[in-house]
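This report refers to the structure that appears directly beneath it.
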Amino acid sequence: MTVHNADIAALFNRMADLLEIEAANPFRIRAYRRAASTIEDLPENVAQMMAEGRSLSDLPGIGEDLAGKIAEFVETGHLKSLEEVEARTPSALAALTAIPGLGPKRVHVLHQSLGITTLEQLAKAAREHRVRELPRFSAAIETKILDEIAKHRTAEKRFKISTAEDFARGLVDYLRSALGITQTLVAGSFRRRKETVGDLDVLATCADGPAAIEHFVAYDEVETVLSKGPTRSTVLLKAGIQVDLRVVAEESYGAALHYFTGSKAHNIAVRKRIQDKGWKLNEYGIFDGEKRIGGRTEEEVFRAADLPYIEPELREDRGEIEAALAGKLPRLVWLQDIKGDLHTHTRASDGKSELAEMAAAAQALGYEYLAVSDHSRHATVAHGLDPKRLAAQLDEIDKLNDGYDGFRLLKSCEVDILADGKLDLPDSILKRLDFTVCAVHYQFNLGIEEQTQRILRAMDNRYFNILAHPTGRLLGERPGYAVDMDRIISAARERGCFLEVNAHPTRLDLDDVHCRQAKQIGVKLAISTDAHSTMGLRAMRYGVDQARRGWIEADDVLNTRSWGELKKLLSRRGL
DNA sequence: GCCGTTTTCGGCCCGACTGTTTTCAGTCG
């Protein structure tokens with residue numbers, strides 16, 4: 001059995017959930033969570049590392065004990081200590097803490113006093129008014145629990161970054177319209193540019209906190225005010241997204257921005273360093289005793305921790321602190337580094353704009369080139385091109401290119417990878433292309449071995465260049481197909497192929513962890529929009545954000561290069 | 001449970017808001 005990092009992370013997180021309900025040592029709980037996060041974000045497979053005889057206890061937050069537990073699970077498929085905890089505290093209890101207002105302490109009481117382990121039992125007990133009798137509960141909490149169960153755990157909902165931007169724009173404009181609010185910024189996972197966000201963490205500076213809060217809760221998109229104090233308030237918008245506003249004074253802006261941007265693990269690590277110097281960091285600033293010694297800017301926060309500025313996308317406690325100390329922070333790729341788009345569609349297949357329109361839009365973005373990569377024939381619903389139609393498109397591109405100065409349309413095609421691993425078009429037409437973008441578009445339900453083999457076989461074709469949207473996932477809609485990405489990435493390096501970071505906000509595929517893995521192994525990435533219209537070209541920034549989260553630098557990206565340099569990289573050996 | 005050119009033991013980030021707790025625990029971020 002193959003043990004994936006996600007399995008081990010889930011195991012440790014479950015342990016942490018249950019230990020929390022048992023009121024175990026909070027630092028022991030944190031240790032499990034930190035280890036889970038380390039494993040989950042690790043750009044290598046842990047079971048593989050073990051097989052190679054490498055020491056897991058070198059990983060941050062993993063000591064002798066947890067390394068042993070990982071080994072036990074990899075070897076036996078079981079974790080004895082977790083089973084012991086589960087015998088006392090059923091795993092189902094962890095799900096109850098997802099209900100807002102129910103934390104580990106209350107869930108513990110519910111289990112001990114009423115024997116409740118499931119949502120159904122909880123609802124029944126609440127309806128029978130048995131919950132309000134318990135210590136630290138009340139009729140109000142009982143009603144709230146029933147409400148939350150009825151709405152069935154909307155708390156879990158996450159929003160695509162592009163959707164969140166939509167909500168954020170209106171809100172930020174509204175906040176800025178208030179007198180006295182000088183700065184407004186959306187921090188949190190939004191600022192770290194995670195592919196999805198659970199809520200919006202908004203920071204505002206204002207001398208009069210309560211006035212800013214009043215203005216905030218009066219926003220006409222507010223559905224419910226969940227909490228409201230003089231400096232902080234939480235609301236639910238009609239769109240279903242939760243928003244936290246935090247108001248601080250101007251001199252605390254940097255400290256508050258750092259605090260509110262997170263991630264939590266990163267903040268803990270930075271605070272620890274400042275604390276080690278005998279100072280204190282909170283959202284109001286850096287303090288030496290009672291005396292404020294900084295915090296107006298984020299740079300001051302990092303400086304106090306003896307660190308250079310760390311970009312928000314890196315702040316996940318995935319080694320950025322260590323890299324910063326060693327002077328090895330990546331110089332992350334910027335949108336301005338991008339010189340062209342390597343995956344786009346036109347009306348010839350399922351796009352909405354004409355070839356010339358796409359070219360004009362690309363030039364307006366300042367691009368040096370745009371690859372046209374319409375679907376191949378197997379994608380019939382997308383009016384995929386057969387060799388004849390593709391040949392006609394290539395002729396048309398030649399004609400258009402004659403008229404451009406300092407810009408070039410590149411000849412490409414999004415070639416289907418057939419179920420047997422063959423490419424959907426014959427070499428006779430593929431050889432006329434500048435490069436191919438190859439993708440899986442059907443038979444998503446193959447087993448992991450079959451699916452991996454299918455892609456590896458396709459990569460064996462010397463006309464295979466870039467693997468498009470490598471996992472096929474659609475955020476919030478469907479998971480990716482089962483595929484062994486470790487092997488795909490290694491195979492790409494051996495064969496001189498590349499992987500795409502699909503910039504469409506519903507895809508963002510590769511994810512950040514695999515971007516970093518590709519970089520470490522030496523596989524370059526294409527950041528491409530998969531645009532189906534001229535508007536679609538503007539999604540590039542989401543792909544760049546995703547790549548930045550994966551520590552990607554301009555040199556790691558194919559399309560930061562001029563066409564001349566790019567062409568050399570795309571020519572596979574033996575061709 | 002992890003971790004250490006201060007430590008192998010004793011630390012481990014910090015604060016706002018809520019509610020029923022009359023002095024603070026629980027929850028959340």
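Bear in mind that the values here come from a model prediction, so they are computed numbers and not experimental data. Protein chains get the first letters and strands the later ones, always in sequence-line order, with residue 1 at the start of each.
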Inset, instruction - Check if the side chain of A/Tyr259 and the base of B/dG15 share a donor-acceptor pair of N or O atoms closer than 3.5 Å. - result: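 Result: no qualifying N/O pair found.
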Legend entry - Check: B/dG29 base within 3.5 Å donor-acceptor of A/Asp201 side chain: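 Under the 3.5 Å cut-off, the side chain and the base do not form any donor-acceptor pair.
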Inset, instruction - Look at the side chain of A/Ala31 and decide which nucleotide, out of B/dC12, B/dG15, B/dC2, has an atom nearest to it. - result: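 Closest nucleotide among those given: B/dC2.
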Inset, instruction - Kindly point out which of B/dG26, B/dG1, B/dA16 is positioned nearest to the side chain of A/Tyr284? - result: B/dA16
Using the [atom1] atom as the reference point in each nucleotide, state the distance between [N] and [M] in Å, no decimals.
N	M	atom1	answer
B/dG11	B/dA16	P	25 Å
B/dG15	B/dT8	C1'	33 Å
B/dG4	B/dC13	P	14 Å

In whole Å, what is the span from the [atom1] atom of [X] to the [atom2] atom of [N]?
X	N	atom1	atom2	answer
A/Glu72	B/dG1	CD	C1'	16 Å
A/Phe216	B/dA16	CZ	P	17 Å
A/Lys228	B/dC17	NZ	C1'	13 Å

Inset, instruction - Searching all strands shown, indicate the nucleotide that pairs with B/dG29 (Watson-Crick or G-U wobble; both distances under 3.5 Å). - result: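 Here B/dG29 is engaged in a pair, and the nucleotide opposite it is B/dC14.
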Legend entry - Under-4.0 Å side-chain N/O to phosphate OP1/OP2 contact, A/Gln242 with B/dC28: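 No, because none of the side-chain N or O atoms of A/Gln242 sits under 4.0 Å from OP1 or OP2 of B/dC28.
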Inset, instruction - Using only side-chain N and O atoms of A/Ser138, determine if any of them is under 4.0 Å from OP1 or OP2 of B/dT18. - result: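 So the side chain of A/Ser138 is outside the cut-off, no N or O lying under 4.0 Å from OP1 or OP2 of B/dT18.
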Inset, instruction - Check the surroundings of atom NZ in A/Lys124: do more than 12 heavy atoms from other residues, nucleotides or ligands lie under 6.0 Å from it? - result: no
Inset, instruction - State whether the number of non-hydrogen atoms from other residues, nucleotides or ligands found under 6.0 Å of A/Arg54 atom CZ is greater than 12. - result: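 More than 12 within 6.0 Å, yes.
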Inset, instruction - Hey, can you tell me if A/Phe302 and A/His258 have their rings parallel, tilted or perpendicular (30° and 60° cut-offs)? - result: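 A/Phe302 vs A/His258 ring planes: perpendicular.
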Inset, instruction - Could you verify whether a donor N or O on one side chain and an acceptor N or O on the other, from A/Gln121 and A/Thr117, lie under 3.5 Å apart? - result: yes
